[in-house]
Amino acid sequence: MKKEGRRGCHEPASRVDPKTLVPNPNNPRSSIGSLEELRKLALNIRAIGILHPPAVRELEDGRLVIVAGHRRTEGAIYGGLTEIDVYVGDQSEDLDALAAVSENFVRLDMTEPEQRHPPA
């Protein structure tokens, strides 16, 4: 990963290969969805990119572990992207589950009509 100094949770790091990101064993989601859902996500990511980059935390060995954004990361990999932006946070491992649950808590499932006609 290319980065310039210490970054907070709101500053994107330089682009990284999504295949190098380490899945978080504390992720509250047990599944990223069906293969069809992953395919749709990958097509969307290829078309418009990742609008909200995954949040990661740097491990002692320099690797990056995913805190939030597991599905986006898997969608990027499935879609063939070789680089994505990530947010590098300074939180401790103890806060990983809280961050992941918080992201999933605010997500609302959209109905089919809402997906076809997003609000202006």
Side-chain angles (χ1 to χ4, degrees):
M1 176 188 71
K2 303 171 235 165
K3 70 177 185 177
E4 300 167 8
R6 191 104 172 120
R7 296 193 182 263
C9 227
H10 301 291
E11 297 180 47
S14 296
R15 298 173 66 79
V16 299
D17 182 342
K19 291 180 181 178
T20 65
L21 298 178
V22 177
N24 191 330
N26 297 322
N27 181 14
R29 279 185 175 262
S30 59
S31 168
I32 58 167
S34 70
L35 185 57
E36 179 62 16
E37 291 170 331
L38 182 60
R39 185 189 70 76
K40 287 179 181 179
L41 178 59
L43 288 172
N44 187 57
I45 288 171
R46 286 188 60 78
I48 63 170
I50 296 177
L51 301 178
H52 182 204
V56 299
R57 175 177 51 80
E58 191 168 355
L59 298 172
E60 289 180 12
D61 63 7
R63 294 179 302 152
L64 298 174
V65 65
I66 303 167
V67 174
H70 292 80
R71 290 188 69 245
R72 283 168 273 160
T73 302
E74 289 298 322
I77 292 169
Y78 190 85
L81 275 66
T82 57
E83 289 186 324
I84 61 171
D85 286 329
V86 294
Y87 289 110
V88 180
D90 296 332
Q91 73 275 4
S92 71
E93 183 177 352
D94 295 338
L95 295 178
D96 286 359
L98 178 60
V101 167
S102 295
E103 177 171 90
N104 287 309
F105 182 73
V106 298
R107 178 178 302 149
L108 299 175
D109 291 333
M110 293 176 66
T111 65
E112 290 283 335
E114 290 170 333
Q115 291 175 10
R116 287 190 299 273
H117 303 288

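Throughout, residue positions are numbered sequentially from 1 according to the sequence presented.
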Below 4.0 angstrom, N of the basic side chain to O of the carboxylate: do D61 and R63 qualify?
-> yes
Gap separating the CD atom of E83 from the NZ atom of K19, nearest 0.5 angstrom = 12.5 Å
When rounded to the nearest 0.5 angstrom, what is the spacing between CG in L38 and NZ in K40?
-> 12.0 Å
Identified side-chain contact (heavy atoms from CB on, under 4.5 Å) partner of R39 from the options L43, L35, L41 | L43
Measure across R46 and G79 and return the closest heavy-atom pair with its distance rounded to 0.1 Å.
-> NH1-O, 2.7 Å
Output the distance between atom CD1 (I77) and atom OG1 (T73), rounded to the nearest 0.5 Å.
-> 6.5 Å
Write down the atom of T20, the atom of D17, and the distance for their closest heavy-atom approach.
-> OG1-O, 2.6 Å
Stepwise, does the side-chain contact (heavy atoms from CB on, under 4.5 Å) test hold for I50 with D85?
-> CA-CA 8 Å; I50 296 177; D85 286 329; over 6 Å; no
How many angstroms lie between CZ in R72 and CG in L21, if you round to the nearest 0.5 Å?
-> 11.5 Å
Nearest non-hydrogen partners of I84 and P54, listed with the distance = CD1-CG, 4.1 Å
